[in-house]
Protein chains: 2
Amino acid sequence: MEMRQLRYFDSIVKYGTMREAAAKLFISEPSISQQISELQKEIGLPLFEKQGRNVVLTSEGKQLLPLVQAILEAVTELETGISEILNPGSGLIRLGVIPITRLDLVPKKLTEFVKIYPDICVELIESGTLEIIERLLNDTMDVALIAANSRIKSLMELSGIKYKVISNANSVAVVSCSHPLAKYEKISFSQLLDERIILRRQGIYREEIDNFLGDSVKHDGIYSTDTYETSIKLVDSNLGIAIMPETFISAYGLNEGSKIKILFLDDFQVSLDICFIYKKRNYYPLYLTNFMRIFTDTHD
Amino acid sequence: MEMRQLRYFDSIVKYGTMREAAAKLFISEPSISQQISELQKEIGLPLFEKQGRNVVLTSEGKQLLPLVQAILEAVTELETGISEILNPGSGLIRLGVIPITRLDLVPKKLTEFVKIYPDICVELIESGTLEIIERLLNDTMDVALIAANSRIKSLMELSGIKYKVISNANSVAVVSCSHPLAKYEKISFSQLLDERIILRRQGIYREEIDNFLGDSVKHDGIYSTDTYETSIKLVDSNLGIAIMPETFISAYGLNEGSKIKILFLDDFQVSLDICFIYKKRNYYPLYLTNFMRIFTDTHD
DNA sequence: GCTTATTACGGCAATCGTAATGATT
DNA sequence: AATCATTACGATTGCCGTAATAAGC
């Protein structure tokens, strides 16, 4: 099975007759005819049948056509990729990230990327989820890492933004070691009800937590902070129990000597996904698709 | 650029050295070397460079490798497709549909499918959205058409069901011609508040409507029916104003002589998508992928 | 000296084109 | 008679393998 044969196959379908296909391909009619016979013999299936003096697709041909076209499209993409390397463009990637969450992933992935593309410039933009989506839409940002709930996912679908989930923003509770709950490894929802809860003031993560807590926790039982760092400082002073993404903790790597304790949540979870997102469009430069590939490759 | 060259390229990367790749491919070392030089000359880029006595990928090679692999994978799929036609399996497609909504689409698409696959049996299963998802998961159903809100979409994402939006379940209001509102072409939300509203009793569509209406319409102002047909009968008797998917109306083709009037909704919409869904898996038979292709092809 | 890649060269297979034949309208 | 596909056949291309050469460890 040769590329040539697939191209001939596709062209015959495209132009209707072997004659015309041959003309468009600048080859003789017997060549195309012979190649198709060859192909049919090799795969053991008829692709065309005679209808009058023309040829038309058989049922088998109809079934296989899209698979052949998929190959030819992949070839076109390779050719595009080659010409991109030969004629390099600006070479700037504007990467949006929400503050902190999973920021630990970025340096690792960027290191990997820079090895292949030492000349591509990556601009890191920290911003809120909605602002990031806005910037993707008006083309002042190329790709981003955000945390998304289902509302954000619907919003993205409606506005033509594609997302790939790369991990979950599981939550943990954080308390001071001198807090009564510090003796546990896990805690359940009911144990939270009488505690003072410390949360980050805004963002999708807070929104989800609020949805979950609902009216069960009275509003004056909540401390709001602007950053997770501040939340941890409050915990350190034993002012309450903080709920935050596990990834924040692992990114900050609280060590053994720390005065705070991490508690896993037994019976509730914030359903937020860490997503790699980008605007849906017809064409992406090769360095961008490879950038995406590296970031959405979660095999490590 | 020949298939052979791409295969050689891929194999060298896979096996590390030209020697081993040549051995695995049952060809001589000079052949593979020559083909790679040929390929590099053609595309004008170095793919490998010497490192000691071995060859390693250049930066360009690293960039292009995934594109080449995409081609080879597409070829594998074609080969799989061919062998499927040669060794046909059971050939049964179990298609789930939710009652009524967009059922008008099914016969049209099935007709198209049967032309290519006269021997494949299609079993139509009418069921509720959640039951359909359940059946997809336990493999008693292959594909389905449902209406999904964002909650259902999240559910599907979590449970490994893929969905493709093929249209929107826009809602319209339906009133008797003798109803006071029948003089309008469009109505707004505020005009609904004092009306008796007729809705289907259950399902995702009802769920969405309930979410939207919230507490603004008092509960005793709602009539529930089991089918949209019944809703229309109630409207016919001027018992209230029904809200239902536009697709139901167009499927049933209410003609000119009808005593009911369709009103478009000016300032609110149910955000439900008609989705073609299937379980994520490694392998789909060719007739199934073509079935999906036909159903998700919205160019008509 | 052993391993790995590249060059040189002859044999063989495969593609292409021209010309002739076949089939349909 | 005109259009479109297929068969026949010779010329050319180009792939492959063996053998020889070059380069690392």
Side-chain angles (χ1 to χ4, degrees), chain A residues 1-62 64-65 68 71-72 75 79, chain B residues 1-62 64-65 68 71-72 75 78-79 82:
Chain A
M1 181 153 58
E2 294 304 318
M3 210 79 95
R4 192 179 340 98
Q5 298 170 323
L6 303 182
R7 253 189 264 276
Y8 291 0
F9 173 47
D10 181 58
S11 287
I12 295 172
V13 177
K14 194 168 166 188
Y15 298 113
T17 68
M18 285 197 181
R19 175 166 288 276
E20 235 185 294
K24 298 282 181 188
L25 292 166
F26 299 104
I27 55 168
S28 70
E29 223 176 328
S31 294
I32 206 169
S33 171
Q34 192 181 334
Q35 287 303 316
I36 294 297
S37 325
E38 197 75 20
L39 180 59
Q40 292 179 136
K41 199 174 75 187
E42 182 186 335
I43 69 178
L45 289 170
L47 297 172
F48 296 99
E49 57 193 354
K50 298 211 67 165
Q51 193 178 80
R53 55 189 174 192
N54 295 324
V55 285
V56 292
L57 276 177
T58 58
S59 158
E60 293 86 351
K62 280 192 198 127
L64 297 177
L65 176 62
V68 171
I71 296 172
L72 298 179
V75 172
E79 286 165 346
Chain B
M1 180 154 53
E2 294 303 317
M3 210 80 93
R4 193 178 339 100
Q5 298 170 323
L6 303 182
R7 253 189 266 276
Y8 292 180
F9 173 47
D10 181 57
S11 287
I12 295 172
V13 176
K14 195 168 165 189
Y15 297 113
T17 68
M18 285 198 181
R19 174 165 287 277
E20 236 185 293
K24 298 281 181 187
L25 292 167
F26 299 105
I27 56 168
S28 70
E29 223 176 326
S31 294
I32 207 170
S33 172
Q34 191 182 332
Q35 287 303 318
I36 293 297
S37 328
E38 197 76 18
L39 180 59
Q40 293 178 135
K41 199 174 74 186
E42 183 186 335
I43 68 178
L45 289 171
L47 297 172
F48 296 99
E49 58 192 352
K50 299 211 67 165
Q51 193 178 80
R53 54 190 175 192
N54 295 322
V55 285
V56 291
L57 276 177
T58 58
S59 157
E60 292 86 349
K62 281 193 197 126
L64 297 176
L65 177 63
V68 170
I71 296 173
L72 298 178
V75 171
L78 173 60
E79 285 165 350
I82 291 166

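Below, each value reflects all heavy atoms present in this structure, side chains not excepted, and no hydrogens, waters or symmetry copies. Here is how names work: the chains are called A, B, and so on, in the same order as the sequence lines, proteins then strands, and each is numbered from 1. This one's a predicted model, so the numbers in the text were calculated from it and none came from an experiment.
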Peer 1: For a side-chain contact (heavy atoms from CB on, under 4.5 Å) check, start with the C-alpha distance between B:F48 and B:V56, then their side-chain angles and the critical distance, and finish with the verdict.
Peer 2: CA-CA 5 Å; B:F48 296 99; B:V56 291; 5.9 Å; no
Peer 1: Between P on D:dC16 and CG on B:L25, what's the gap in Å once rounded to a whole number?
Peer 2: 10 Å
Peer 1: Please state how far atom CD1 in B:I36 lies from atom P in D:dG14, giving the value in whole angstrom units.
Peer 2: 18 Å
Peer 1: Classify A:I32 by what it touches in the nucleic acid, base, sugar-phosphate, or nothing, heavy-atom distance under 4.0 Å.
Peer 2: nothing
Peer 1: For the pair made of CZ in B:R4 and P in D:dG17, what is the distance, rounded to whole Å?
Peer 2: 11 Å
Peer 1: Let me have a per-nucleotide readout for nucleotides 18-25 of chain D, 5' to 3', with B, S or -, counting only protein heavy atoms under 4.0 Å.
Peer 2: BB----BS
Peer 1: Give me the first and last nucleotide of DNA chain C, going 5' to 3', that has any atom under 4.0 Å from a heavy atom of chain B.
Peer 2: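 Nucleotide range in contact with chain B: C:dC2 to C:dT7.
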Peer 1: Working to the nearest 0.5 angstrom, can you tell me the gap between A:T17 OG1 and A:I12 CD1?
Peer 2: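 Here the rounded value is 8.5 Å.
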Peer 1: Rounded off to whole Å, could you give me the CD-to-C1' distance for the B:E38 and D:dG14 pair?
Peer 2: 8 Å
Peer 1: Please report the shortest heavy-atom distance between B:M3 and A:M3, naming the atom on each side.
Peer 2: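 Closest pair (atom of B:M3, atom of A:M3, distance): SD-SD, 3.7 Å.
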Peer 1: Might you work through the side-chain contact (heavy atoms from CB on, under 4.5 Å) test for A:E2 and A:E38, ending with a clear yes or no?
Peer 2: CA-CA 10 Å; A:E2 294 304 318; A:E38 197 75 20; over 6 Å; no
Peer 1: Which heavy atom of B:L6 sits nearest to which heavy atom of B:L72, and what is that distance?
Peer 2: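 Shortest heavy-atom separation between B:L6 and B:L72 comes out as O-CD1, 3.9 Å.
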Peer 1: Is there a side-chain contact between B:Y8 and the phosphate of D:dC16, meaning an N or O under 4.0 Å from OP1 or OP2?
Peer 2: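 B:Y8 to D:dC16 OP1/OP2: side-chain N or O found under 4.0 Å.
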Peer 1: How long is the line joining CD1 of A:I12 and C1' of D:dT6, in whole Å?
Peer 2: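 Atom CD1 in A:I12 sits about 13 Å away from atom C1' in D:dT6.
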Peer 1: Please report, rounded to the nearest Å, how far the P atom of D:dT7 is from the NZ atom of A:K41.
Peer 2: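 Rounded to the whole Å, the gap is 11 Å.
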Peer 1: Check residues 22-37 of chain B and write down every donor-acceptor pair under 3.5 Å in which the side-chain atom is one partner and the other belongs to a residue at least two apart or another chain.
Peer 2:
| from | atom 1 | to | atom 2 | distance (Å) |
| --- | --- | --- | --- | --- |
| B:S28 | OG | B:S31 | OG | 3.0 |
| B:E29 | OE1 | B:R19 | NH2 | 2.9 |
| B:Q35 | OE1 | B:R4 | NH1 | 3.4 |
| B:Q35 | OE1 | B:Q5 | NE2 | 3.2 |
| B:S37 | OG | B:S33 | O | 2.7 |

Peer 1: Please check if the side chain of B:E49 supplies one atom and the backbone of B:T58 the other of a donor-acceptor pair under 3.5 Å.
Peer 2: no
Peer 1: Atom CD of A:E20 and atom P of D:dC4: how far apart are they, to the nearest Å?
Peer 2: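 It is 8 Å, rounded to the nearest whole Å.
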Peer 1: Roughly how far apart are A:L39 CG and A:F9 CZ, rounded to 0.5 Å?
Peer 2: 7.5 Å
Peer 1: Can you tell me if B:Q35 touches the phosphate of D:dC15, counting only side-chain N or O atoms and a distance under 4.0 Å to OP1 or OP2?
Peer 2: yes
Peer 1: Are any of the side-chain heavy atoms of B:E60 and B:I43 separated by less than 4.5 Å?
Peer 2: no
Peer 1: Would you mind reading off the distance between A:N54 atom CG and D:dA2 atom P, rounded to a whole angstrom?
Peer 2: 18 Å
